[in-house]
Protein chains: 2
Amino acid sequence: MTISTKARDGDDDRSASERKDRPAPTLASIADRVGVSVNTVSRALRAPNTVRVELRKRINVAMEELNYVPNRLAGGLSGTRTDIVGVVVTSLYYSEFASIIDTLQSSLLEHDLQVMLANTRYNPDQEMKLVRSILSWRPAAVAIIGIDHPPKVVELLKSSGIPIIEMWDTSGPVIDTAIGFDHQAVGAAQARHLIDRGYRKLAFVGSLRENDRRARKRLFGLETEAVKAGIAPVVTCTEPIGGSPDLGEKLALDLLQTHPGIDAIVCNSDVVAFGVMRGLRKLGKRVPEDIGVMAFGDNEAAACITPPLTTIRPDRERIGRLTADAIVARINGGEPQTTIVDWKLVARQSTQRDTVEPTDAG
Amino acid sequence: MTISTKARDGDDDRSASERKDRPAPTLASIADRVGVSVNTVSRALRAPNTVRVELRKRINVAMEELNYVPNRLAGGLSGTRTDIVGVVVTSLYYSEFASIIDTLQSSLLEHDLQVMLANTRYNPDQEMKLVRSILSWRPAAVAIIGIDHPPKVVELLKSSGIPIIEMWDTSGPVIDTAIGFDHQAVGAAQARHLIDRGYRKLAFVGSLRENDRRARKRLFGLETEAVKAGIAPVVTCTEPIGGSPDLGEKLALDLLQTHPGIDAIVCNSDVVAFGVMRGLRKLGKRVPEDIGVMAFGDNEAAACITPPLTTIRPDRERIGRLTADAIVARINGGEPQTTIVDWKLVARQSTQRDTVEPTDAG
DNA sequence: TTGAAAGCGATACCAG
DNA sequence: CTGGTATCGCTTTCAA
């Protein structure tokens with residue numbers, strides 16, 4: 001439904017001063033109006049105590065009256081650097097990185113740093129395009145999800161000469177500074193948890209995009225640990241599309257049809273697990289008695305579904321905050337470093353098997 | 001855990017060309033190297049067919065070799081406008097707006113428009129600060145959540161002279177262009193749904209921040225419709241903090257203690273409802289038989305919890321896409337307009353009462 | 001098809 | 001404490 005609005009903005013006489021096409025006021029406008037030099041106005045803004053109080057006041061009044069907003073394009077061009085921080089994520093859905101961004105951006109705000117956001121949607125071509133685009137704004141730093149980027153992206157980021165903070169994953173070579181954790185270790189922990197609870201026939205289910213390197217690392221950890229424990233190989237049942245409950249349900253049905261013996265399912269994300277559990281319910285399978293289910297992410301609903309979902313909780317707030325800290329530190333000449341942020345395996349009912357079989361069962 | 005990394009970037013001989021402090025290449029560097037004027041290089045970039053093919057090729061090669069990234073600060077300063085779109089949201093948590101941003105940013109990308117993100121966290125002072133900050137980058141347009149902004153913010157946005165798209169809410173006066181829906185109507189629909197199912201003692205539960213005007217509109221619609229139906233006044237039980245399952249559980253316990261007669265709960269958001277249902281379970285109340293629960297948002301888990309949650313599904317993707325369209329249209333001289341985007345009441349089991357009492361019961 | 005020169009709006013350095 | 005002036009990197013006439 002579309003309603004066309006008469007484009008009148010006039011509630012009162014102020015509307016005249018809100019004309020759309022008048023050029024935006026500049027430092028010069030203010031200077032003229034107050035009768036000082038551009039330069040003084042600029043200083044009144046950036047170093048107020050170098051300007052006489054009385055003058056400063058008049059300048060502020062003039063700025064107020066004209067609704068002056070500084071032009072940071074000009075500022076950035078002449079100054080040493082901008083206050084932009086480029087933030088590149090691979091997804092915005094399902095809380096995956098939302099709270100990292102939330103924490104990051106509010107922490108940066110305290111340092112008057114502005115976030116410029118880009119979302120690659122796990123597409124490396126788009127990553128290239130977006131990184132170029134962000135660099136073209138001459139940001140003070142770039143924070144980016146992951147450590148596995150196309151070589152050209154790495155080259156571009158390196159040659160930019162600004163601090164690059166890679167978030168979320170630390171398992172591998174890093175450009176500059178990284179803050180995250182080892183996803184392979186997560187996969188191994190998932191396997192161990194299930195094996196300890198007596199599960200023996202593991203499956204990995206969910207969204208697995210070509211370029212979701214982290215998911216592949218977790219899967220690798222899972223498989224490696226399973227081999228180490230001498231149990232059956234991990235069955236994988238995935239689709240290269242975004243995770244969702246519907247996908248989880250579909251894959252659960254597929255999986256149980258082809259591999260009825262499965263007794264534990266590791267989901268790539270909580271939202272997939274939600275659907276998997278719904279699917280299992282439809283099949284008459286009990287969780288956790290017949291089949292254990294665990295996942296990765298600790299979605300806000302994980303503790304509220306039935307049964308509550310065992311999952312991995314990465315400390316997203318911490319990653320966001322530490323990334324902001326690292327950016328500020330690096331800008332001020334600090335050294336690059338890699339920081340591992342702890343995650344937790346939150347054991348809930350979905351893997352709470354009453355009967356623990358002996359470990360030599362498989 | 002912190003691991004300090006030796007800051008050597010050298011995997012190979014390329015590292016020399018990746019020195020950090022060499023000034024970034026400019027159009028002039030390219031021009032020099034190719035032996036043409038700055039301006040030719042500029043044209044090769046923006047209007048390739050005005051440059052001889054052979055020359056264009058050599059220019060492209062030079063750009064590749066130097067890893068040239070245009071400086072858009074300079075471009076924006078001299079050109080007519082930038083390719084930045086400012087996006088101001090009130091929250092990034094819990095999928096509330098994530099998929100709007102996701103869709104918006106990928107739609108904008110098709111038009112080579114770059115998102116600059118700001119998150120006010122429902123804080124009007126921060127909103128002011130962030131809007132100023134965004135405007136200082138001379139964006140081509142601004143998209144912002146909501147239509148209720150502090151007067152100063154409205155003034156600033158109006159006087160900026162650029163297209164302003166207000167998203168999510170359309171119930172009230174608008175600055176320029178709006179895309180969203182009527183939240184009061186949502187509240188009314190929630191009331192009607194519950195009343196039709198035979199519920200009579202309604203409560204409104206959840207996060208209710210001072211500046212979440214949309215939530216207040218929904219509550220108002222709920223109350224108004226309840227009055228119209230002649231049933232008991234709506235009991236409200238809220239906290240001025242962000243919504244979460246834990247908050248929902250706590251409020252549910254509070255509510256039932258003070259108002260044991262309540263037979264239906266409307267939650268301000270799905271995540272709160274998740275907690276409310278957990279709380280009710282602890283109290284031994286059955287949903288939907290003893291108490292109906294519905295919410296707003298259609299979180300990805302809403303259909304997966306037990307019982308599946310009746311809720312309102314706003315069409316976030318559509319809002320995101322239409323906002324991008326509107327931005328492009330307005331930039332190209334289109335007229336401002338207000339567009340209502342439909343939402344759906346998704347009836348699930350959490351309000352599925354078997355026994356429907358006669359409507360004159362209350 | 002190409003080049004020279006004048007801004008864009010701030011900052012920074014150096015005088016006064 | 002205040003005011004010139006060069007400068008940042010690019011776009012945009014206007015000539016050649």
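Within every chain, numbering begins at 1; the chains are lettered A, B, ... in the order of the sequence lines, protein sequences first and strands thereafter. Hydrogens, waters and symmetry mates are skipped; everything else that's a heavy atom, side chains included, is used.
- Side-chain proximity of S78(B) to dC8(D), dC1(D), dT11(D): nearest is dT11(D).
- Close to dT11(D), at under 4.0 Å from its OP1 or OP2, lies a side-chain N or O of S42(B).
- Near-neighbour residues of DNA chain C inside residues 128-140 of chain B, defined by a heavy atom below 4.0 Å, are absent.
- Checked against D83(B) for a side-chain hydrogen bond (donor to acceptor under 3.5 Å, both in side chains), the options H111(B), R72(B), Q114(B) give a single hit: R72(B).
- At whole-Å resolution of the value, CG in L77(A) and P in dT11(D) are 12 Å apart.
- A donor atom on one side chain and an acceptor atom on the other are found under 3.5 Å apart for S42(B) and R46(B).
- Remark: the S37(A) side chain and the T40(A) side chain contain an N/O donor-acceptor pair separated by less than 3.5 Å.
- Side-chain N/O atoms of T40(A) include none lying less than 4.0 angstrom from OP1 or OP2 on dT2(D).
- Nearest nucleotide to the side chain of R46(A), out of dG3(C), dT1(C), dT11(C): dT11(C).
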CA sep, side-chain torsions, deciding dist, call: L130(B), L109(A), side chain to side chain contact (heavy atoms under 4.5 Å, CB included):
CA-CA 9 Å; L130(B) 288 169; L109(A) 197 64; 3.4 Å; yes
Report the C-alpha distance between V88(A) and I145(A) in whole Å, list the side-chain angles of each, state the deciding distance to 0.1 Å, and finish with yes or no for side chain to side chain contact (heavy atoms under 4.5 Å, CB included).
CA-CA 6 Å; V88(A) 183; I145(A) 292 288; over 6 Å; no
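- Which of dG3(C), dG3(D), dC8(D) sits closest to the side chain of V36(A) comes down to dG3(D).
- Between G79(B) and T50(B), the residue anchored nearer the 5' end of DNA chain C, judged by the nucleotide with its closest heavy atom, is T50(B).
- Defined by atom type and a distance below 3.5 Å, a donor-acceptor pair is missing between the side-chain atoms of N211(A) and N123(A).
- For the pair L73(A) CG and dG7(C) C1', the computed distance is 15 Å after rounding to whole Å.
- Nucleotide dC10(D) holds its P atom 9 Å from the CG atom of L45(B), rounded to whole Å.
- Between the side chain of R33(A) and the backbone N or O of A62(A) there is no donor-acceptor pair closer than 3.5 Å.
- An OP1 or OP2 oxygen of dC1(D) is reached within less than 4.0 angstrom by no side-chain nitrogen or oxygen of R43(A).
- Side-chain nitrogen and oxygen atoms of S37(A) include none within less than 4.0 Å of the OP1 or OP2 phosphate oxygen of dT2(D).
- Comparing dC1(D), dT11(C), dC10(D) by their nearest atom to the side chain of L27(B) picks out dC10(D).
- The backbone N or O of R121(B) lies less than 3.5 Å from no partner atom in the side chain of S91(B), so there is not a single donor-acceptor pair.
- At a cut-off of 3.5 Å, with distance as the only test, a side-chain donor of S29(B) or T26(B) sits close to an acceptor on the other residue.
- Remark: the backbone N or O of P150(A) is not paired with any side-chain donor or acceptor of E127(A) at under 3.5 angstrom.
- The distance from atom CG of N71(A) to atom C1' of dC8(C) is 8 Å, rounded to the nearest whole Å.
- Residue R72(B) has no polar side-chain atom (N or O) positioned under 4.0 Å from OP1 or OP2 of dC10(D).
- For DNA chain C, none of the residues of residues 60-69 of chain B falls under the heavy-atom distance limit of 4.0 Å.
- Each of dT2(D), dG9(C), dT11(D) was ranked by its minimum atom distance to the side chain of L55(A); first place goes to dT2(D).
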